[in-house]
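To start, the structure under review is shown below, and the notes come after it.
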Amino acid sequence: MNKVIIRAIFDRKKEATKTKSATIYLEVRANQKERRFISTSIKVYKGQFKAGRVVGREDAELLNRRINDRMAEIHQLVSLMDERGQLFTVSMIDSLNETPAAPDSPSFLDFMECRINERPIRESTKRQHRKVLN
């Protein structure tokens, strides 16, 4: 069974003030060997984060829900690894951020080619764009 500890950390770089915000991170410790900090992209000011919760803001409930949802995603991944009998590593968290492309969705190169053809630009500019595409 994997032992994973997840906790919310605020201002780990000690840069927050009443006028300057700092990011809330999730600290993930796996099997007492690995540790990774994952940004939640939530920034709050000093005094707006207490006991692992965002407080003193109108959107505090929403921000806390986002933090809890992210923690739940990680816990689900750990549970999945436990069910499979596999060892959880913090590098597996990166797989949560990857969204697989739909099989029928156009690639970036297809999109670029389409945009080159449909934009009202001069032929010489289109030639330059096609060189980049190739």
Side-chain angles (χ1 to χ4, degrees):
M1 178 174 245
N2 293 300
K3 183 177 179 184
V4 177
I5 300 169
I6 306 169
R7 65 184 185 140
I9 304 284
F10 170 65
D11 195 21
R12 75 181 188 110
K13 297 180 181 178
K14 308 291 185 230
E15 57 190 21
T17 64
K18 295 284 184 189
T19 59
K20 184 178 177 189
S21 62
T23 304
I24 297 172
Y25 290 90
L26 293 181
E27 177 188 27
V28 180
R29 291 179 179 256
N31 302 313
Q32 299 178 348
K33 296 177 184 176
E34 300 176 290
R35 178 174 74 167
R36 178 167 296 172
F37 292 97
I38 303 159
S39 173
T40 61
S41 301
I42 298 172
K43 290 188 168 200
V44 296
Y45 296 100
K46 191 171 191 160
Q48 292 183 333
F49 190 82
K50 293 188 172 132
R53 310 285 298 160
V54 177
V55 295
R57 290 177 58 118
E58 290 181 15
D59 60 347
E61 187 176 318
L62 173 68
L63 298 177
N64 286 323
R65 191 174 318 121
R66 283 178 47 195
I67 292 169
N68 290 338
D69 290 347
R70 187 70 172 148
M71 288 176 148
E73 287 176 357
I74 297 169
H75 281 297
Q76 286 177 342
L77 181 60
V78 172
S79 296
L80 180 65
M81 292 296 112
D82 283 342
E83 289 173 11
R84 292 180 179 174
Q86 296 176 342
L87 183 66
F88 173 80
T89 62
V90 293
S91 62
M92 292 177 178
I93 295 172
D94 297 335
S95 67
L96 292 175
N97 298 332
E98 297 172 1
T99 54
D104 58 344
S105 68
S107 70
F108 176 74
L109 297 177
D110 295 334
F111 166 77
M112 190 174 171
E113 185 174 15
C114 181
R115 286 295 291 159
I116 290 170
N117 294 329
E118 68 186 24
R119 290 184 61 211
I121 53 178
R122 292 185 178 192
E123 192 57 40
S124 60
T125 305
K126 287 184 180 185
R127 277 195 303 269
Q128 292 296 323
H129 289 198
R130 286 188 187 109
K131 284 182 184 178
V132 172
L133 177 63
N134 290 333

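For clarity, every value in this text was computed on a predicted model and none was experimentally measured.
Scanning all heavy atoms of the two residues, the minimum distance from D11 to A16 falls at OD1-N, 3.1 Å. F49 approaches A8 most closely through the heavy-atom pair CZ-CB, 3.7 Å. Considering every non-hydrogen atom in both S41 and T23, the closest pair reads N-CG2, 4.3 Å. Nearest heavy-atom pair, E73 versus R70, reported as atom, atom and distance to 0.1 Å: OE1-NH1, 2.9 Å.
The closest side-chain heavy-atom distance from F88 to V4 is below 4.5 Å. A heavy-atom distance below 4.5 Å is not found between the side chains of H129 and K126. With contacts defined as side-chain heavy-atom distances shorter than 4.5 Å, the pair I42/R66 qualifies. Put simply, the side chain of H75 reaches to within 4.5 Å of the side chain of I6, judged on heavy atoms. Side-chain contact check for K3 versus V78: every heavy-atom pair is 4.5 Å or farther apart.
Separating the CZ atom in R53 from the CD atom in E61 is a distance of 9.0 Å, to the nearest 0.5 Å. The structure places CG of N2 at 8.5 Å from CE of M81, a figure rounded to the nearest 0.5 Å. Separating the CD atom in Q48 from the NZ atom in K18 is a distance of 8.0 Å, to the nearest 0.5 Å. For the atom pair D59 CG and N64 CG, the distance stands at 9.5 Å (nearest 0.5 Å). A distance of 11.5 Å separates CZ of R127 from CZ of R122, quoted to the nearest 0.5 Å. Expressed to the nearest 0.5 Å, how far OG1 of T19 lies from NZ of K46 amounts to 11.0 Å.
Following chains of ILVMFWY side-chain contacts shorter than 4.5 Å, one can reach I38 starting from M71, so the two form part of one hydrophobic cluster. Under the 4.5 Å side-chain heavy-atom criterion for Ile, Leu, Val, Met, Phe, Trp and Tyr, L80 and V28 are members of the same hydrophobic cluster. Linking Ile, Leu, Val, Met, Phe, Trp and Tyr whenever their side-chain heavy atoms come within less than 4.5 Å puts F111 and L133 in one cluster. I116 and F108 fall within a single hydrophobic cluster, where Ile, Leu, Val, Met, Phe, Trp and Tyr side chains are chained together by heavy-atom contacts under 4.5 Å.
Between R130 and E123, at least one side-chain nitrogen of the basic residue sits less than 4.0 Å from a carboxylate oxygen of the acidic one, meeting the salt-bridge criterion. No salt bridge links R29 with E34; every basic N to acidic carboxylate O contact stays at or beyond 4.0 Å.
No side-chain donor-acceptor contact under 3.5 Å links S79 and D82.
Put simply, the residue from R36, R12, R7 that forms a salt bridge (charged side-chain N to carboxylate O under 4.0 Å, His left out) with E27 is R7. Applying side-chain contact (heavy atoms from CB on, under 4.5 Å) to L26 and the options I9, I67, I93 leaves one that passes, I67.
Y25 and F37 have perpendicular rings, their planes meeting at more than 60° on a 0 to 90° scale where under 30° would count as parallel.
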Decide side chain to side chain contact (heavy atoms under 4.5 Å, CB included) for V44 and R57; before the verdict, give the C-alpha distance in whole Å, the side-chain angles of both, and the deciding distance to 0.1 Å.
CA-CA 9 Å; V44 296; R57 290 177 58 118; 3.6 Å; yes
